[in-house]
Amino acid sequence: MLYRRYDFTTPEVLEAIKNFVPVAVEARSWQGSFPDREKYFPGFLDRTGLHLFEPEGTHGINSLVGLFGFRPDGTLLKEGLVNSETTTGSSSSLRYLNELLLLWNEVPAEERGFPGLDRTFPNPGSYWGPAAQAPGVGPNCDTPDCSLSLESALVLKSFTRDLPRDKDQPSEAGVPRRKDFFKDTSNSDFLLVRDPEVLVPQVPVVGSTHKWPEWLVTRLVRFHLVDNVGGLTMAFPVDAVREAKVVSLVTRVTDQAIEMDIVGVTRATTRSPWGLSQSRPNELVEVGFATEIRGQARWLRQEKLFDEFRLTAIGNRWGGTPQNRRAELEFLPHTNDLSGGPIGVHFRLFEGAEQDIVAPFFTWEGRGDPADYWSRGPR
Amino acid sequence: MASIEYLALKRSGRGSLWVFRLLVFVLLAGTGCSGEDTEASVSGAEEHWVPSQRVLAGKSPTRGPARQWTPSDSQARELSEIGLSLEEANRWATFLQPTEQESVWDSVDWRLSIWEAVVEAADTGRPLLLFSMNGHPEGFT
């Protein structure tokens, strides 16, 4: 994604960040939490002043994006560096960080803490917490997805990128396709399966195939094989799924482990109900994503978990959604990349700490319907 | 009954080449929401998709990434004609994952909880740096 690539790529920026306690938040959820004053330490939100921020323009509740520096008690050090095409860049970030540090150095030592900090104040938890409870599914949810525990879950991190193309094709609208804009851009997401044994045959026989559950393949196709290379995008509606077939092929069985190859084909296509952008809401185009999947996995029979899992989906995408910049005539650089191109998505085991796991994007409030995402019902 | 031959390719990193020839029944019973298996000696009632030999063998008239096409349902190329092999998939896996420079972002120890960051900042006497992004900066943005 653009801003990760541009803003934090120099040693100088990294060195400057060491002087701070850095925290990353999802803009919509953060802004949306301002009315819930009880989630913040008493007085903290007031001192930031950000709860008084009036969303402007078309971005509304997503307006507070960028970098913000605070004292520990919430006092804003300086107006935030809000991301835009004109401010994005490591030089802008470094300049802003240095300005924050100068202002911080002027703060008297006795004002650098958080007087009266109540450490017994309830910790509302990380952004994993709310999504882990799968809001919208309901208190009577009886599938493993309702569980808060990740202890035995399969947690995958995905990486999506355009594949190399030969050359830029001129577009009919006279706007270059700007394949270079997407060239070094990628995006990530998390996919998790709380009961990964559904991917493993109960009676493993070398050479046998085990069909993945339809609900899981549908979730993969609708929510994870999507074009987010240039930014946010939309999930496919359920009736967009034209092909969704994935199997595990058992290749080796021992007392300790079951090794499998993974093979699949997917295709989703829909007449976009979303328009192309906020300025082009009535332009409906066909949006699609078609892939072939190969991968490998190893299931430990005693531990009941995967210690190896990698899956790669290679194929084509076409069309555009309002914020994924495939047809961008509002913000620079302008692009027109609707006719499609090769794309790939790779999933690998996430081996970081549990607190570093971010819930899948389309479970987030305002980004998707969690009940839809976690659904295991028939299509 | 129908059968396919499954031709296994050399497994990278294993140092050995092995080939299987077996019969796989494509018809089997499908049940509920759980995964479904085929076994060499089981026949069933519902059709179970098994990758074509062309897909498994990675054979394709065109190598490398699929060419662009003008999309429509009737014009979309059958993916089985492309044929992604395991070796190709592994090569693309390397390409798709972030480079060392792109991973610089992850070298920052981003906290995901404002509460915890506030407490740490107060304890260590450091200012807070908050990065807010459409989508989550540690995930999908």
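Letters A, B, ... mirror the listed sequences (proteins, then strands); counts begin at 1.
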Between A/V23 and B/E116, is any pair of side-chain heavy atoms under 4.5 Å apart?
-> no
Heaviest contributor of heavy-atom pairs below 4.5 Å to chain A, chosen from B/P127, B/A89, B/A117, is B/P127
If we only count heavy atoms from C-beta on, is the A/I293 to B/L84 side-chain gap below 4.5 Å?
-> no
Which bit of A/V107 is near chain B, if near means a heavy-atom gap under 4.5 Å: side chain, backbone, both or neither?
-> neither
Contact class of A/K18 relative to chain B, heavy atoms under 4.5 angstrom | backbone
Side chain B/R111, main chain A/V21, donor-acceptor under 3.5 Å | no
Part of A/R71 within contact of chain B (heavy atom distance under 4.5 Å) = backbone
Per-residue tally against chain B (heavy atom, under 4.5 Å) across A/I262, A/L14, A/I17 peaks at A/L14
Identify the two heavy atoms, one from B/V108 and one from A/P22, that lie closest to each other, and give their separation to 0.1 Å.
-> CG1-CG, 3.9 Å
Pick one: which of A/F121, A/F41, A/F114, A/Y40 meets ring-ring contact (aromatic ring centres under 6.0 Å, His included) with B/W115?
-> A/F41
The side chain to side chain contact (heavy atoms under 4.5 Å, CB included) partners of B/S103 (sequence neighbours excluded) come to B/P98
Chain B contacts, top residue of A/E197, A/R161, A/R119 (heavy-atom pairs, under 4.5 Å) | A/R161
Looking at OG1 of A/T312 and CD of B/Q97, how far apart are the two atoms once the value is rounded to the nearest 0.5 Å?
-> 7.5 Å
Separation between CG of A/L67 and CE of B/M133, rounded to the nearest 0.5 Å = 8.0 Å
If you tally heavy-atom pairs under 4.5 Å between each of A/N19, A/L97, A/L117 and chain B, the highest tally belongs to A/N19
Do you know the tightest heavy-atom contact between B/S132 and A/W30?
-> OG-CE3, 3.5 Å
With rounding to the nearest 0.5 Å, note down the distance linking CZ in A/R348 to CG in B/L96.
-> 11.0 Å
May I have the step-by-step check of side-chain contact (heavy atoms from CB on, under 4.5 Å) for B/F140 and A/T233, ending in yes or no?
-> CA-CA 10 Å; B/F140 187 141; A/T233 192; 4.0 Å; yes
Would you mind checking which part of A/F44 comes under 4.5 Å of any heavy atom in chain B, side chain (CB onward), backbone (N, CA, C, O), both or neither?
-> side chain
Separation between CZ of B/F95 and CG of A/D162, rounded to the nearest 0.5 Å | 8.5 Å
Hey, which of A/F362, A/F190, A/W104, A/F159 has the most heavy atom pairs under 4.5 Å with chain B?
-> A/W104
Rounded to the nearest 0.5 Å, how far does CG of B/L130 lie from OG1 of A/T48?
-> 9.5 Å
Euclidean distance, B/L129 CG relative to A/L77 CG, rounded to 0.5 Å = 10.0 Å
Interface moiety of A/L216 toward chain B, non-hydrogen atoms closer than 4.5 Å | neither
